[in-house]
Amino acid sequence: MLYKLHFLQHIWRQIRLAAPLPYFSLLVWILPLLLFTSGHNSLMAHDEALYASRARLMFDSGNWITPWQNAHHKTPGPYWIIASFYKLFGMSDTSARLPSMIASIFSLWLVYEMGKSMLGKKLAWLAAAILSVEFLWLQYSRLSTPDVPMVLLVLLAIWSLIKTELHPKYRYFWSFLAGFSLGLGFLVRSFMIFLPIIALFPYLIWEHRRHRHLTNPILYLGFFGGLIPTCVWLWLSWQHYGNQSFQELLKFVVQLGSENNDKNDRLFYLWNILLKAFPWTFFGLLGLFLTVRRPIPRYQLILVGFPLVLFCELSLFSTRLPHYSVCLYPFIALFASVGLNWLGSIYQTGILLQLPLERGKISNILSLFARNNLPRNLSYGFGGFGVLLVIASINIFSWGGSDIRKYATIGLAMGLGWLILPVVWISRYHFGKKFLTARYWIAGWLIPCWLALAMTGSIGLLSDYNPVLKTFLQQSAIASILQSHPLYVVEIDQKTEVLLNFYLSIHPQQVNSISQIPALSYALIYTAQSPKLSRTHRLVGTVKQYQLIQVLP
């Protein structure tokens, strides 16, 4: 028994040694946020269910090249990845989401590596930790969409370009990897990969005299090597569908570039990012301000040029959707680490710092922030905001309904977390607790966001998007019918249809009228249509605004 105790002590010593390692600590930080659920999972319609259901079609049919009746408008990379995880772990919501979760973890590590080269280890770790608690990033890290995997490839390419400069001895390896990552991005995200490629042009062109990337044939070799899987798929698809294979790919990107179905204006990403990266966008703007005033040697056109050009591209692109901006979030985190660290330096000294900026109007503005003790004001301001959240949450618990109470738990977690900021400030500057350094104050910003997102995941708001429909389909009486009989759908909305494509083993069949449904078959119709039906039928069940019926002879 004694040797077992020694063995456990050895394990504990190894864990304590590994804890400070950035990769391990970031994994411990992000993993609960990716895994916390209410115990139930259901897909989000529309995009997530589309990718998961198309991958299921490949998985069920065994045809991973041409499972569609007509040529497809997207490259198959996301479907191949998700279908591979179905093969490894079984067909489920969780299996569909695992690729994005894994890509998110690797993206954090790449942000750390990039930040370490450009900003130093401290800010690099802080940037990766901030990225983990940006709402939109975490949300898409838990969805079966190709957005986060594409960002992983873009970050890998950028990191490889940086490594090319840092290690000229291995220049050809890193150049090939950079090109290969961008080429492979076409398989994952089709023509959308060209937006980040174009955003790299300022760095590639204006810094060419130093790094010589554009005249490096290995970079192009890697890019065309990454295109090989797409070219093979296109060749096999062309043999089946003919020229329609190329036409659909081009037609889709032209359609995206000329339509704006959601009517979002060119300021859409500005307010959307401000909201969905709160509060980090404000630190990010401060960090951007500081970085522009004091450029980062060699990498300014990556750190500043890339996200600014990409932001302009996305704003000019006609179709504007929140998830198109996911590639900006790692850079928001990098800027936020700069801004938050600057404020932490003011907190640490409690006096005006000798700011590392040129004298002038801009420097005077920043000096004014420091003199007015912006960290103190932010601490009290967000502490007051936390008190309001706690009071509101308690009132909702006392008087609110069961549906809204789950949101109150998020408010309570965030509100209690924000109280850390004034407590740390008061303890240091009014009670003399000098051990409460800037690290504690910065942690007071990270912890409330982590608690709020952890609570959001725990109550199912990041994983269980359509519980009513899934629960209905899993009822034993309903499931036994739908496992052995085809389901006909009559004019149902597209989001419900794509969910049915994923959750039903037999693909539902779309018809225009109930008169087309064979006798003794089952159909899903709108409840409002039921009194208007001319054919006799039996009601099997009701879910949301739909009825499952059996058409009688």
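Side-chain atoms are counted along with the backbone in the values below, which use heavy atoms only and exclude waters and symmetry mates. Quick caveat: nothing in here was measured; it's all calculated off a predicted structure.
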Parallel, tilted or perpendicular: which describes the rings of Trp29 and Trp450, with under 30° parallel and over 60° perpendicular? tilted
Below 6.0 angstrom between ring centroids: does that apply to Phe180 and Phe223? no
Indicate, with yes or no, if the rings of Trp445 and Trp418 have centres closer together than 6.0 Å. yes
What orientation do Phe278 and Phe385 show, parallel under 30°, tilted 30 to 60°, or perpendicular over 60°? perpendicular
Can you check whether Thr75's main-chain N or O pairs, donor with acceptor, with Ser190's side chain at less than 3.5 Å? no
Can you say whether the rings of Tyr79 and Tyr51 are parallel (under 30°), tilted (30 to 60°) or perpendicular (over 60°)? tilted
I would like to know whether Leu473 and Leu499 meet side chain to side chain contact (heavy atoms under 4.5 Å, CB included); could you show each step before the answer? CA-CA 11 Å; Leu473 296 175; Leu499 288 169; over 6 Å; no
Would you call the rings of Tyr269 and Phe311 parallel, tilted or perpendicular, where under 30° means parallel and over 60° means perpendicular? perpendicular
For Trp109 together with Phe106, are the ring centres under 6.0 Å from each other? yes
Heavy atoms, side chains only, cut-off 4.5 Å: are Ile447 and Leu451 in contact? yes
Going by the angle between their ring planes, with limits at 30° and 60°, are Phe186 and Phe191 parallel, tilted or perpendicular? perpendicular
Run the ring-centre check on Trp137 versus Tyr140 and record whether the distance is less than 6.0 Å. no
Using side chain to side chain contact (heavy atoms under 4.5 Å, CB included), reason through Tyr526 and Asp493 one step at a time and then give a plain yes or no. CA-CA 10 Å; Tyr526 278 110; Asp493 70 274; 3.8 Å; yes
Hey, does Tyr241 have a side-chain heavy atom less than 4.5 Å from the side chain of Trp68? yes
Taking it one step at a time, do Trp233 and Ser245 satisfy side chain to side chain donor-acceptor pair (under 3.5 Å)? CA-CA 10 Å; Trp233 170 76; Ser245 301; over 6 Å; no
Mind checking whether Arg56 and Ser505 have side chains closer than 4.5 Å, heavy atoms only? yes
Using modelled atom types and a 3.5 Å cut-off, is there a donor and acceptor pairing between side-chain atoms of Thr471 and backbone atoms of Val468? no
